[in-house]
Amino acid sequence: MWLCPWPQGPKSLLSACKGTKSVAQIHALMILTGIFSNGDSNSQLIASYSRTGDVESARKVFEKSSQRGIATWNAMIIAYSRKDSPVEVLNLYRRMIREGIRPDSSTFTVTIKACASLLDLKTGEEVRSQAVDFGYKDDVFVGSSFLNLYVKCGKMDEAMAVFDGMPKRDIVSWTTMVTGYVNGNRAIEAVNIYRRMQIEEIKADGIVMVGLIQACASLGNSKMGLSIHGYIIRRDLPVDVVVETSLVDMYAKNGLLELASRVFDKMPYRNVVSWSALISGFAQNGFAGDALELLVQMQSCRVKPDLVSLVSALLACSQVGFLKLGKSIHGYIVRRLDFDTVSGTAVIDMYSKCGSLSTAHFLFDRISSRDSISWNAMIASYGIHGCGKEALALFLQMKETKIKPDHATLASLLSAFSHSGLVEEGRYWFDLMVREFKIQPSEKHYACIVDLLARAGQVEEAHKLIESMVNKPGVAIWAALLAGCRNHGKLEIGEIAAKKVLELKPDDPGIYALVSNFFAAAKKWDEVAGVRKVMKKIGMKKVPGYSVVEVNGKLHAFLMEDKSHPQHEKIVAMLERLDYEMRAMGYLPKTEFVLHDIEEEVKERMLCNHSERLTIAFGLLNTGPGTKLLITKNLRVCGDCHEATKFISKIVNREIIVRDMKRFHHFKNGVCSCGDYW
DNA sequence: ATAGGGTTAG
């Protein structure tokens with residue numbers, strides 16, 4: 001017997017030296033001291049290399065081993081599984097079978113997992129039947145990984161059959177079903193599975209809660225989300241960064257940003273995913289400034305932005321027209337990350353919403369693989385710029401590809417027609433969407449087509465279309481009809497629409513303004529007063545209108561009646577001067593856009609305090625002659641501001657581009673690109 | 001002892 005300097009042999013060496021010496025050093029020591037590895041110590045060594053992420057060295061040890069036992073094979077297979085190399089896992093598994101080695105439960109489990117990650121249902125089923133042959137039919141590990149194979153391949157009904165047939169199930173099997181339903185957009189069924197799990201008195205853990213929290217996020221059920229959060233706290237379930245991040249995301253998706261931030265602030269450790277979840281939450285809910293601030297904070301916490309966080313930041317840039325930052329994010333993505341389908345689509349959306357439609361198209365042509373969302377984004381871009389013909393051309397181009405137009409594509413197309421007044425095209429493609437594309441028109445599609453017809457004055461036809469709807473029309477549809485009736489003086493149908501709108505009790509003050517306008521135009525003063533009563537009773541959502549302009553690479557935001565700005569005096573003086581000149585040129589304030597019950601003169605002054613008006617004045621004051629201005633507004637630009645901006649563009653001889661929540665208005669030389677059709 | 005279930009985006 002040779003003398004071993006470590007009485008317990010190489011096994012204890014590996015565990016004792018963890019952290020102090022590298023695995024390679026220990027490996028070298030083992031060779032030097034003449035410890036000739038047997039099968040068992042090789043499996044330990046392979047596992048150790050695998051833990052440090054060094055599969056190449058693990059593989060060398062594996063290949064040099066003379067007699068390889070099941071432990072050695074498993075260690076090597078698991079090493080590849082950890083490295084996310086499912087193909088290698090399968091190769092080794094096949095080699096193992098060829099060499100007549102008897103796999104065990106772990107071998108099958110890992111191999112089926114590899115098939116799941118390759119979405120290779122056929123091979124997975126083969127491996128599972130081999131597992132059955134070797135006596136692992138009722139093994140929970142094999143069973144759960146087999147379950148997961150169906151789940152990952154989107155076969156939830158087959159998964160359910162497997163699940164119901166399992167004699168033994170544990171928390172992992174249940175969790176697989178829960179997350180499977182969540183990912184398959186069947187959140188209710190996910191919750192039901194969890195209920196069944198509770199009845200069977202299986203103890204929940206953090207991972208299954210992640211699935212449930214995601215279900216609440218996708219259902220938009222904040223009440224259930226809160227109660228699950230409470231349950232986790234009461235039961236003192238173990239929470240880690242993943243559980244906390246899913247809570248942040250759930251609250252954010254439900255618009256509860258204070259709660260999302262509170263959870264986020266309390267997290268002991270945050271990774272890039274946690275940051276991205278919150279950034280995305282702010283961006284999705286329209287808080288562009290907060291989203292971008294978080295992006296900066298994240299970097300000062302030494303967390304590098306990744307594609308996901310930057311895609312969310314791009315969304316924030318799009319919202320407020322922050323072209324300068326958007327461009328620099330685009331550059332960073334190209335240089336350091338990956339201009340792929342998702343980030344590419346976010347970038348083209350940013351350029352188009354920041355006014356650079358041609359850059360958007362240029363980059364659209366350079367996305368190497370485009371999917372339906374990329375096409376939709378580009379079609380929608382032409383739509384918001386009022387280029388209906390170009391949107392149609394792109395749609396026809398899309399039809400030549402393998403990518404199928406979906407409900408969103410048609411919605412973008414119809415909305416492009418409605419922004420361009422292309423009534424015939426709208427009718428034609430609306431009709432064809434059912435017949436050719438087999439897409440049932442949704443509320444959104446109806447809203448587009450009603451809007452298109454009503455704007456063109458064809459309110460009778462629009463009304464007939466609404467009456468033909470199978471589902472009950474929502475507020476958006478009646479409001480679109482009503483707007484058409486107001487503009488074209490169609491009192492009879494207008495009254496029907498107005499009544500419907502009031503019945504549906506929207507929480508949008510803009511819509512009540514429309515109803516009130518309509519009745520005022522019809523000189524029905526009792527009804528005008530009635531609208532105000534309804535408004536007071538319901539209590540409006542207070543979405544403050546704000547406008548933003550980028551000046552010298554910095555954003556400047558103005559709220560309605562914003563007096564806080566340091567340049568306020570100058571801005572007011574500017575607007576007064578413009579007002580004087582505008583009136584001389586024939587401008588008349590459209591006071592019907594002010595809903596309050598006040599004197600005309602006060603109304604006129606309020607119009608001048610609209611955020612877009614203040615923003616334009618600020619932009620004019622702080623940029624050189626001839627500079628184009630891009631103003632973005634979170635709500636819709638009001639009719640009076642639209643009229644005024646036409647005059648302003650002529651007086652100061654500037655191009656003024658205003659983008660509101662719906663579309664672009666390009667003002668130049670006294671006219672707007674939308675031809676007052678918007 | 002090892003193995004199966006989990007977070008963010010256009």
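Numbers restart at 1 for each chain; the letters A, B, ... are given by sequence-line order, proteins then strands.
- When each of B:dA9, B:dG10, B:dA3 is scored by its nearest atom to the side-chain atoms of A:Leu307, the top-ranked nucleotide is B:dA9.
- One atom, CG of A:Asp338, and another, P of B:dA9, lie 18 Å apart when rounded to the nearest Å.
- The base of B:dG5 sits with one of its N or O atoms less than 3.5 Å from a complementary donor or acceptor on the side chain of A:Thr175.
- Computed from coordinates, the A:Ile213 CD1 to B:dG5 C1' distance equals 14 Å when rounded to whole Å.
- For an aromatic pair to be called close, the ring centres must be under 6.0 Å apart, and A:Trp73 with A:Phe62 satisfies this.
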TODO: Carefully, step by step, assess A:Glu126 and A:Lys122 under the rule salt bridge (charged side-chain N to carboxylate O under 4.0 Å, His left out).
DONE: CA-CA 6 Å; A:Glu126 278 165 28; A:Lys122 206 169 147 271; 3.8 Å; yes

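- For the pair A:Glu200 and A:Arg169, the minimum side-chain heavy-atom distance is below 4.5 Å.
- Residue A:Ile329 contributes atom CD1, which lies 16 Å from atom P of B:dA9 at whole-angstrom precision.
- Counting only heavy atoms from C-beta on, A:Ser145 has its side chain closest to B:dG4 among B:dA9, B:dG4, B:dG6.
- Counting to the nearest Å, the C1' atom of B:dG5 and the CG atom of A:Asp170 are 9 Å from each other.
- The side chain of A:Gln284 contributes no N or O atom lying less than 4.0 Å from OP1 or OP2 of B:dT8.
- Contact annotation: side chain of A:Ser374 to base of B:dG10, donor-acceptor pair present below 3.5 Å.
- Under 3.5 Å, the side chain of A:Asp205 and the base of B:dG5 form at least one donor-acceptor pair of N or O atoms.
- A donor-acceptor contact under 3.5 Å links the side chain of A:Asp371 to the base of B:dG10.
- Note on A:Thr341: a base of the nucleic acid sits closer than 4.0 angstrom, heavy atoms only.
- OP1 or OP2 of B:dA3 sits under 4.0 Å from a side-chain N or O of A:Arg82.
- Between A:Phe339 and A:His330, the distance from one ring center to the other falls under 6.0 angstrom.
- As a whole-Å value, the separation of A:Tyr181 OH from B:dG6 P is 16 Å.
- In the set B:dA3, B:dG10, B:dT7, B:dG10 carries the atom at the smallest distance from any side-chain atom of A:Val342.
- The interatomic distance linking A:Asn148 (CG) with B:dG5 (P) rounds to 5 Å, in whole Å.
- Scanning atom types as modelled, one donor and one acceptor separated by under 3.5 angstrom connect the side chain of A:Thr345 and the base of B:dG10.
- Regarding contacts with the backbone of B:dT7, a side-chain N or O of A:Gln214 is found under 4.0 angstrom from either OP1 or OP2.
- If you check every strand for non-hydrogen atoms under 4.0 Å, A:Thr179 touches sugar and phosphate atoms only.
- Among the nucleotides B:dG6, B:dA9, B:dG4, the one closest to the side chain of A:Val308 is B:dA9.
- The only member of A:Arg336, A:Met298, A:Gln299 that meets side chain to side chain contact (heavy atoms under 4.5 Å, CB included) when paired with A:Lys304 is A:Arg336.
- Contact annotation for A:Asp104: no contact, since no heavy-atom pair falls under 4.0 Å across all strands.
- Between A:Lys152 and the phosphate of B:dG6, there is a side-chain N or O to OP1/OP2 separation shorter than 4.0 Å.
- Contact annotation for A:Asn376: no contact, since no heavy-atom pair falls under 4.0 Å across all strands.
- Comparing B:dA3, B:dG5, B:dG6 by their nearest atom to the side chain of A:Ile171 picks out B:dG5.
- At the heavy-atom level, A:Ile373 lies under 4.0 Å from base atoms of the strands shown.
- At the heavy-atom level, A:Val151 lies nowhere under 4.0 Å from the strands shown.
- Across all strands, A:Asp249 comes closer than 4.0 Å only to sugar-phosphate atoms, never to a base (heavy-atom distances).
- No hydrogens or angles were tested; on distance alone, nothing pairs the side chain of A:Ser312 with the base of B:dA9 as donor and acceptor under 3.5 Å.
- A:Asp340 and A:Ser343 share a donor-acceptor pair across their side chains, judged by distance under 3.5 Å alone.
- Within the 4.0 Å cut-off from OP1 or OP2 of B:dT7, not a single side-chain nitrogen or oxygen of A:Lys253 is found.
- Inspection of the A:Tyr49 and A:Arg59 side chains reveals no N or O donor paired with an N or O acceptor under 3.5 Å.
- For an aromatic pair to be called close, the ring centres must be under 6.0 Å apart, and A:Trp174 with A:Phe163 satisfies this.
- The residue A:Val142 sits apart from the nucleic acid: no heavy atom pair falls under 4.0 Å.
- Spacing between atom CE of A:Met76 and atom P of B:dA1 amounts to 23 Å, rounded to whole angstrom units.
- Between A:Asn74 and B:dT2, a side-chain N or O to OP1/OP2 separation shorter than 4.0 Å is absent.
- Side-chain to base pairing of A:Ser276 with B:dT8: one donor and one acceptor N or O lie within less than 3.5 Å of each other.
- Residue A:Thr245 has its side chain nearest to B:dT7 when only B:dG5, B:dA9, B:dT7 are considered.
- In this structure, A:Leu149 places its CG atom 12 Å from P of B:dG5, rounding to the nearest Å.
- Looking at A:Ser144, its side chain comes within 3.5 Å of the base of B:dG4 through a donor and an acceptor atom.
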